[in-house]
Amino acid sequence: MSDEPQPQQPHPGWAKREPQAAGDGRTGQPGAPGTPGTSEKAKKPKRPKRTGWRRLIPTWRIALSTVVVGLLLIVGGFFLGYHLVQIPAANALATKQSNVYLYADGSVLARDGEVNRESVSLARISKDAQHAVLAAEDRDFYTESAIDPMAMVRAGWNTATGKGKQSGSTITQQYVKNYYLAQEQTVTRKVKEFFISIKLDREKSKNEILEGYLNTSFFGRGAYGIQAAAQAYFGVDAKDLTAAQGAYLASLLNAPSQYDVVAHPENRPAAEARWNYVMNGMVDKGWLSASDRAAAKFPKPKQSTVSTGMSGQRGYVVNIVKKYLIENGIVDEEELGRGGYRITTTLQKDKQDAFVKAVDDKLMSQLDKKERKVDSYVRAGGASVDPKTGKVVAMYNGIDYVKQYTPNAVRRDFQVGSTFKPFVFTSAVENHSETQSGQTIDPNTRYDGTSERPVQGWTGGRYAPENEDHRDYGHVTVREATDKSINAVYAQMAVDVGSDKVQQTAIDLGLSKNTPELTPSPSIALGVATASPLDMAEAYATLANHGRHGTYTFVEKVMKDGKQEVELPERREHQAVSREAADTTTSVLRSVVQNGTATAAQAAGRPAAGKTGTAEEDTAAWFAGYTPDLATVVAVMGQDPKTAAHKPLYGAMGLARINGGGAPAEIWGQYTRNALEGEPVSDFDLQLQDGADVTAPPSGDASDEPGDGDESGSGEADEDATGDEDGSGSATPGDSGGSTPPGDGGGTESDPPSTGGGTPSTGGPSTEPGPTGGGDSGGDDSSNGGTGPGGGDTDGAGGGDTGTGFPGIPVTPGRQ
């Protein structure tokens with residue numbers, strides 16, 4: 001028998017198996033676990049293929065490769081940029097050009113931009129001032145590198161996400177930008193700034209860089225460098241700056257013009273907050289003791305001083321145009337400060353000269369500051385706008401920019417008085433408003449003109465404003481109430497219309513929504529808002545332009561370096577109020593010039609419409625008026641030259657009062673005549689509200705005496721501006737009625753009453769000046785006269801025997 005194993009017979013039911021390949025995992029087979037000679041590679045299971053969304057995710061090998069390549073590119077780019085970018089020569093700031101301001105005809109108005117800078121060594125800058133700048137701009141300057149990547153990323157993110165343009169630059173970077181590069185916000189400039197800063201930090205000491213930064217930074221008021229800034233703001237050398245003064249100058253680096261609390265007192269809270277931030281930072285870094293910090297007070301900068309090249313109206317105009325360019329994003333403030341701009345304004349030289357001469361002739365030449373202290377309070381401001389284009393063609397801001405710094409044409413701190421009343425009537429027509437008894441408000445609607453009559457329909461408490469001199473007028477038409485500026489009527493009308501609607505109409509016409517005291521209440525009708533003459537001129541220009549409004553503009557063209565024209569914002573015009581509302585208001589305001597409180601404006605010799613006004617306690621007198629071609633507002637204001645407090649103008653010019661119908665209307669008349677000399681006389685083309693083309697007969701009330709009937713009198717506070725909102729009580733409805741047929745001599749819009757007053761004529765408006773004076777007790781809208789505050793006897797240039805232009809009104813001596 002053989003010892004060899006015998007083949008086994010298959011078990012019944014077993015299937016024949018195929019021989020297994022090597023490495024199939026069976027023990028004892030080649031390649032099986034535990035079998036000698038098996039490779040590690042053969043042990044690993046086959047990796048499954050990546051399918052679906054997993055194919056989109058890079059493997060760790062790809063990710064690692066990408067990072068490595070990216071780092072190599074960054075490092076390579078860094079070394080390439082470092083070797084390619086060289087430190088350039090200083091920029092052209094040392095030879096900075098002037099900015100040239102031109103009249104619309106191309107003649108030179110003014111030049112500015114002479115570099116006000118005196119470089120000083122770091123040793124000649126007080127340590128307190130140095131530390132203040134470091135606390136404001138870069139507290140770790142001496143220990144950090146030339147750049148701060150994290151700050152740059154943070155600033156870029158904040159800018160990109162709408163948190164405002166922010167700087168992530170260190171002092172070294174800012175110095176590089178100031179001294180070596182231009183100010184444009186481009187990637188190329190930032191890249192150069194990055195590499196130059198690194199190189200500069202290796203080549204110059206920290207003290208040298210700080211010294212350069214302090215001598216090249218812009219501090220406002222045309223001052224480049226901290227020495228010039230110390231003189232401009234405090235009249236001291238940089239070495240004598242205190243910690244408080246240094247902190248103020250350091251604050252200016254953040255917003256040079258806006259934090260100047262003399263030029264912009266409204267921004268004082270923001271300036272103080274920035275100053276506190278700097279002072280506290282000095283304490284945190286150990287540069288200022290806590291006790292010295294507690295004792296420090298916010299410093300008061302001195303008034304800005306300017307060269308004689310900015311004397312007269314030039315300095316005012318330059319600063320107003322600068323502000324316009326900056327606020328409208330046309331030119332950056334620092335770029336404008338560096339100069340090289342040629343700016344053509346909209347101001348017309350002949351009109352500008354005519355405005356100055358009119359103010360001198362009718363106001364300034366009548367003052368005697370040595371004999372009358374009140375004459376030293378007198379200020380004047382005005383603006384003139386082309387209604388069709390919105391261009392500001394002339395301004396009056398003060399006697400001399402060098403002597404009186406505040407620009408009176410754009411200041412917003414004096415009440416506009418009754419020059420606001422036309423906006424109430426415009427709103428009434430625009431909104432198809434009705435009286436409390438349901439009558440549509442139009443020029444012939446009758447109201448109760450009783451002084452101190454509580455208004456009806458006002459839920460905010462009792463409000464019963466007095467008329468001038470507490471005069472009662474009985475039932476009068478809206479046209480009469482406008483002629484005589486009756487407070488009781490217009491306070492009621494504001495409630496009938498809705499004071500919120502009146503507010504919106506004023507804004508639509510051109511007043512800023514941020515106008516101080518422009519709030520919805522019955523007193524809005526009496527002019528408590530403190531708009532500027534320019535604001536009011538813009539609004540009245542909208543009325544003159546048949547209700548179409550376009551924002552005003554000061555600038556025709558801006559050129560950079562004599563060749564590059566700077567893009568100006570597109571002027572847009574829209575129908576602010578309906579033509580019917582604007583033109584019907586014009587119709588009513590024509591009557592004020594023809595028969596009411598503004599007859600002095602007839603000196604313009606052209607068809608005119610307008611309204612007079614007086615601020616509370618006679619601190620300001622206004623006339624706002626227009627022809628079809630020109631809208632102009634004039635204000636005479638009272639201000640103490642030392643304290644800047646508002647002052648009444650009783651006794652100014654040797655008169656009892658200065659009223660809207662006096663000097664302001666006289667200035668307006670002379671200016672308008674001369675400004676439009678040689679131009680064709682245009683009449684108003686009006687489309688009126690139904691029923692407004694006829695004039696209802698006036699009231700025959702015995703107490704309805706001619707007079708200006710405006711805000712204040714008898715030496716009391718001006719109820720036109722404030723009224724009485726205290727207490728409560730029921731309101732008495734005013735009588736109202738629709739249009740009635742005209743009486744004898746009643747005019748229509750195409751056949752107005754004579755502008756000289758008295759008996760109505762059938763011809764067009766007279767171009768001869770009417771009476772400019774009267775005798776009755778004072779009020780807002782009258783010519784100069786009277787014997788004292790609140791007035792008494794006749795003292796007007798034109799006498800008192802002047803009719804109102806409406807039949808049925810007795811001719812009684814009175815102030816017009």
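Fair warning: this is a prediction, and the values are worked out from it, not measured in the lab.
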*Asks:* Between Y447 and H475, does the ring centre distance come in under 6.0 Å?
*Replies:*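 No; H475 has its ring centre 6.0 Å or more from that of Y447.
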*Asks:* Would you tell me whether N545 and R548 have side-chain atoms, one donor and one acceptor, within less than 3.5 Å of each other?
*Replies:*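 Looking only at side-chain atoms, R548 and N545 do not form any donor-acceptor pair under 3.5 Å.
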*Asks:* CZ of R479 to OG1 of T584: how many Å apart, nearest 0.5 Å?
*Replies:*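 Reported value, rounded in 0.5 Å steps: 9.5 Å.
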*Asks:* Would you check if there is a donor-acceptor pair between the side chains of Y473 and N467 at a distance under 3.5 Å?
*Replies:*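 No, because no side-chain N or O of N467 sits under 3.5 Å from a partner of the opposite role on Y473.
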*Asks:* Check salt bridge (charged side-chain N to carboxylate O under 4.0 Å, His left out) between D496 and all other residues, then give those that pass, not counting sequence neighbours.
*Replies:*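 Per chain and number, D496 pairs via salt bridge (charged side-chain N to carboxylate O under 4.0 Å, His left out) with no residue.
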*Asks:* Going by atom types only, do S427 and N431 share a side-chain donor-acceptor pair under 3.5 Å?
*Replies:*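 Checked: S427/N431 side chains pair up, N/O donor to acceptor below 3.5 Å.
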*Asks:* Would H546 and Q575 count as having a side-chain donor-acceptor pair, cut-off 3.5 Å?
*Replies:*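 There is no such pair between these side chains.
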*Asks:* Who pairs with N267 by side chain to side chain donor-acceptor pair (under 3.5 Å), at least two apart in sequence or on another chain?
*Replies:*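 Partners of N267 under the side chain to side chain donor-acceptor pair (under 3.5 Å) test: Q258.
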*Asks:* Is atom CD of E434 surrounded by more than 12 heavy atoms (other residues, nucleotides or ligands) closer than 6.0 Å?
*Replies:*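 Yes - once you tally the heavy atoms of other residues, nucleotides and ligands closer than 6.0 Å, there are more than 12.
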*Asks:* Indicate whether any N or O donor in one side chain lies under 3.5 Å from an N or O acceptor in the other, for S578 and E430.
*Replies:*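 A pair is found: one side chain offers a donor N or O, the other an acceptor, under 3.5 Å apart.
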*Asks:* Ignoring hydrogens and geometry beyond distance, is a side-chain donor-acceptor pair present between T632 and Y626 at under 3.5 Å?
*Replies:*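 No, Y626 and T632 have no side-chain donor paired with an acceptor closer than 3.5 Å.
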*Asks:* Charged N to carboxylate O below 4.0 Å: is that the case for K388 and D629?
*Replies:*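 The answer is yes: the pair qualifies as a salt bridge.
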*Asks:* Can you pull out every ring pair (Phe, Tyr, Trp, His ring centres under 6.0 Å) where at least one residue sits in residues 504-544? Sequence neighbours excluded, please.
*Replies:*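 Output for this query lists F423-Y540.
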*Asks:* I'd like to know if R268 and E266 make a salt bridge, using a cut-off of under 4.0 Å between side-chain N and carboxylate O.
*Replies:*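 So R268 does not pair with E266 through a salt bridge.
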*Asks:* Knowing that exactly one of E468, Q492, K421 qualifies, which makes a side chain to side chain donor-acceptor pair (under 3.5 Å) with N487?
*Replies:*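 Result: among E468, Q492, K421, K421 is the only option passing the side chain to side chain donor-acceptor pair (under 3.5 Å) with N487.
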*Asks:* Tell me, please, which residues at least two apart from V555 pass side-chain contact (heavy atoms from CB on, under 4.5 Å).
*Replies:*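 V555: side-chain contact (heavy atoms from CB on, under 4.5 Å) contacts with V321, Y324, L325, I343, V558, L568.
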*Asks:* Let me see the working for W458 and Y463 under ring-ring contact (aromatic ring centres under 6.0 Å, His included), right down to the final yes or no.
*Replies:* CA-CA 8 Å; W458 172 245; Y463 184 71; 7.8 Å; no
*Asks:* For a quick check under 3.5 Å, do S418 and Y490 share a side-chain donor-acceptor pair by atom type?
*Replies:*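 No.
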*Asks:* Is there a donor-acceptor contact under 3.5 Å linking the side chains of S591 and D483?
*Replies:*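 A donor-acceptor contact under 3.5 Å links the two side chains.
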*Asks:* Sequence neighbours left out, what passes side chain to side chain donor-acceptor pair (under 3.5 Å) with K351? Give chain and number order.
*Replies:*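 K351 satisfies side chain to side chain donor-acceptor pair (under 3.5 Å) with Q348 once adjacent residues are dropped.
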*Asks:* Is it true that T553 and T346 share a donor-acceptor pair across their side chains at a distance under 3.5 Å?
*Replies:*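 Per modelled atom types, T346 and T553 side chains form no pair under 3.5 Å.
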*Asks:* Going from CD1 on I441 to CZ on F425, what distance comes out if it is rounded to the nearest 0.5 angstrom?
*Replies:*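 Spacing of CD1 (I441) from CZ (F425) equals 8.5 Å.
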*Asks:* Do E573 and H549 have side-chain N/O donor and acceptor atoms under 3.5 Å apart?
*Replies:*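 H549 and E573 do not have a side-chain donor-acceptor pair below 3.5 Å.
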*Asks:* Can you pull the ring pair (Phe, Tyr, Trp, His ring centres under 6.0 Å) pairs that have at least one residue in residues 497-521, sequence neighbours excluded?
*Replies:*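 Listed by first then second residue: nothing to list.
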*Asks:* Is the closest side-chain donor-acceptor distance between T597 and K611 under 3.5 Å?
*Replies:*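 There is no such pair between these side chains.
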